[in-house]
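Inspection log for the structure reproduced underneath, given as structure tokens.
In this chain, numbering begins with 1 at the start of the sequence shown.
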Amino acid sequence: YIMNMYEDYNGYMADMRDLIKKLEETSSGVYVLLEDVLTVTKYIYEEHEKGSKLDEVLEEIFEAGFGYLSNVLSDISIMYHEYFNDDIKLFNYYAPLIVYSIYLEDYRCHLEAEELLTEEREEFIKNIESQVDSLLANKVPYNMEKIDEWEEEILTIAPAKDKFEPVYI
């Protein structure tokens, strides 16, 4: 299984290379979601390819990083190709909303993993996700204040002692 994971990673990254390169070259706001995880997974992959003995911790980091990249890149790829018809300028204009959309998904998964996702919280988050998705799908102009408003709303339902810190902030 471990060998396949590295082969899968290599194949997947080859498939996504053009998109990643375009995001990096245009200093896309979405690239922040990927940059650190790309660096770490690439380093571990290269060590594996050199035949270095990887400890269990590095293998777990690689597996988590590759899982994260495949989820996020899949979302980004769908939005880039289907919502924005490969128009990088338009895609980058909406980068803050795209990042926020992925952040909401991460937050919902975090609450679920911590067993803090109540029905009310889930509905609340889904409602904001659908508003974000509608803006993206319809390419409606937006302003950053809207994201701030959503964040204020999220705080009203957030668990008191929750410590959610996504890797990209």
Side-chain angles (χ1 to χ4, degrees), residues 9 12-13 15-16 18-42 60-169:
Y9 167 83
Y12 188 76
M13 295 312 287
D15 291 346
M16 292 293 171
D18 290 344
L19 177 57
I20 293 167
K21 188 175 177 197
K22 198 164 279 188
L23 294 172
E24 186 178 20
E25 286 173 351
T26 61
S27 301
S28 176
V30 173
Y31 191 69
V32 72
L33 296 170
L34 307 169
E35 193 170 17
D36 293 342
V37 183
L38 284 169
T39 302
V40 171
T41 53
K42 181 180 179 195
E60 285 174 16
I61 290 170
F62 182 83
E63 188 174 358
F66 178 35
Y68 171 82
L69 285 175
S70 57
N71 286 338
V72 172
L73 281 169
S74 168
D75 289 349
I76 290 171
S77 180
I78 288 167
M79 288 183 204
Y80 178 66
H81 297 300
E82 294 179 17
Y83 285 22
F84 300 105
N85 299 317
D86 299 0
D87 181 339
I88 193 66
K89 284 178 99 168
L90 191 59
F91 178 87
N92 284 340
Y93 168 77
Y94 285 96
L97 278 179
I98 294 164
V99 170
Y100 193 65
S101 170
I102 291 167
Y103 165 84
L104 287 170
E105 186 179 329
D106 288 349
Y107 184 56
R108 191 167 35 79
C109 290
H110 162 78
L111 290 175
E112 190 173 23
E114 298 293 319
E115 297 180 4
L116 297 169
L117 187 63
T118 63
E119 206 171 299
E120 177 199 14
R121 288 182 183 130
E122 184 164 24
E123 283 306 308
F124 201 89
I125 294 168
K126 281 185 178 177
N127 177 36
I128 294 174
E129 283 176 326
S130 79
Q131 291 177 57
V132 172
D133 196 56
S134 176
L135 290 174
L136 292 170
N138 297 307
K139 295 178 214 46
V140 177
Y142 74 99
N143 60 46
M144 294 298 287
E145 287 79 40
K146 190 64 189 159
I147 294 173
D148 294 336
E149 285 172 32
W150 286 324
E151 267 307 283
E152 289 298 316
E153 291 175 29
I154 291 272
L155 288 174
T156 67
I157 58 119
K161 292 187 168 123
D162 186 42
K163 297 274 186 259
F164 176 59
E165 295 178 19
V167 293
Y168 43 85
I169 290 186

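- No more than 12 heavy atoms of other residues, nucleotides or ligands shown are found within 6.0 angstrom of CG on Asp18.
- His81 pairs by the ring pair (Phe, Tyr, Trp, His ring centres under 6.0 Å) definition with nothing, not counting sequence neighbours.
- Here the straight-line distance linking atom CD of Glu165 with atom NE2 of His110 works out to 9.0 Å at 0.5 Å rounding.
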Carefully, step by step, assess Tyr100 and Leu136 under the rule side-chain contact (heavy atoms from CB on, under 4.5 Å).
CA-CA 11 Å; Tyr100 193 65; Leu136 292 170; over 6 Å; no

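- Partners of Glu122 by side chain to side chain contact (heavy atoms under 4.5 Å, CB included), not counting sequence neighbours, listed by chain and number: Arg108, Leu117, Lys126.
- What you find for Ile128 and Glu153 is that their closest heavy atoms are CD1-OE1, 4.2 Å.
- Within a 6.0 Å sphere centred on NZ of Lys139, other residues, nucleotides and ligands contribute more than 12 heavy atoms.
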Starting from the C-alpha separation in whole Å, work towards a yes-or-no answer on side-chain contact (heavy atoms from CB on, under 4.5 Å) for Ile102 and Ile76.
CA-CA 9 Å; Ile102 291 167; Ile76 290 171; 4.0 Å; yes

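- Residues meeting the side chain to side chain contact (heavy atoms under 4.5 Å, CB included) test with Asp87, sequence neighbours left out: Lys89, Leu90.
- The closest side-chain heavy-atom distance from Met79 to Ser101 is below 4.5 Å.
- Under the side chain to side chain contact (heavy atoms under 4.5 Å, CB included) criterion, Lys146 pairs with Gln131, Asn143, Glu149, Trp150, not counting sequence neighbours.
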What do the steps show when you test Tyr94 against Val30 for side-chain contact (heavy atoms from CB on, under 4.5 Å), and what is the final call?
CA-CA 9 Å; Tyr94 285 96; Val30 173; over 6 Å; no

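- Between Tyr9 and Phe62, the closest side-chain pair of non-hydrogen atoms falls below 4.5 Å.
- Side-chain contact between Asp75 and Asn71 is absent, with no heavy atoms from C-beta onward closer than 4.5 Å.
- Here the OH-CG distance, from Tyr68 to Leu34, works out to 6.5 Å after rounding to the nearest 0.5 Å.
- Residues satisfying the side chain to side chain contact (heavy atoms under 4.5 Å, CB included) test with Pro96, not counting sequence neighbours, are Tyr142, Met144, Ile147.
- Once rounded to the nearest 0.5 Å, the distance linking CG of Asp162 with CG of Leu116 reads 5.5 Å.
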With a cut-off of 3.5 Å and sequence neighbours excluded, list every side-chain donor-acceptor pair involving residues 19-27.
{"residue": "Thr26", "atom": "OG1", "partner": "Lys22", "partner atom": "O", "Å": "2.8"}
{"residue": "Thr26", "atom": "OG1", "partner": "Leu23", "partner atom": "O", "Å": "3.4"}
{"residue": "Thr26", "atom": "OG1", "partner": "Asn92", "partner atom": "ND2", "Å": "2.9"}

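- Side-chain contact between Ile154 and Leu104: present, with at least one pair of heavy atoms (C-beta onward) separated by less than 4.5 Å.
- Two residues are said to be in side-chain contact when any heavy atoms from C-beta on lie closer than 4.5 Å; Tyr103 and Glu151 meet this criterion.
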Determine whether Leu111 and Ile125 satisfy the following criterion, side-chain contact (heavy atoms from CB on, under 4.5 Å), listing intermediate values before the conclusion.
CA-CA 11 Å; Leu111 290 175; Ile125 294 168; 3.9 Å; yes

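- Minimum interatomic distance between Ala158 and Tyr107 (heavy atoms only, all atoms of both residues): CB-OH, 3.4 Å.
- Considering only heavy atoms from C-beta on, Pro159 stays 4.5 Å or farther from Phe164 through its side chain.
- At a threshold of 4.5 Å between non-hydrogen side-chain atoms, the residues Tyr83 and Ile98 do not count as touching.
- With Ser70 contributing its side chain and Phe66 its backbone, the two residues share a donor-acceptor pair below 3.5 Å.
- In this structure, the side chain of Asp133 does not engage the main chain of Glu129 through any donor-acceptor pair within 3.5 Å.
- Residues Tyr31 and Leu38 meet the side-chain proximity criterion, which asks for heavy atoms closer than 4.5 Å.
- Heavy atoms only, all atoms of each residue included: Ser28 and Ala95 are closest at OG-CB, 4.4 Å.
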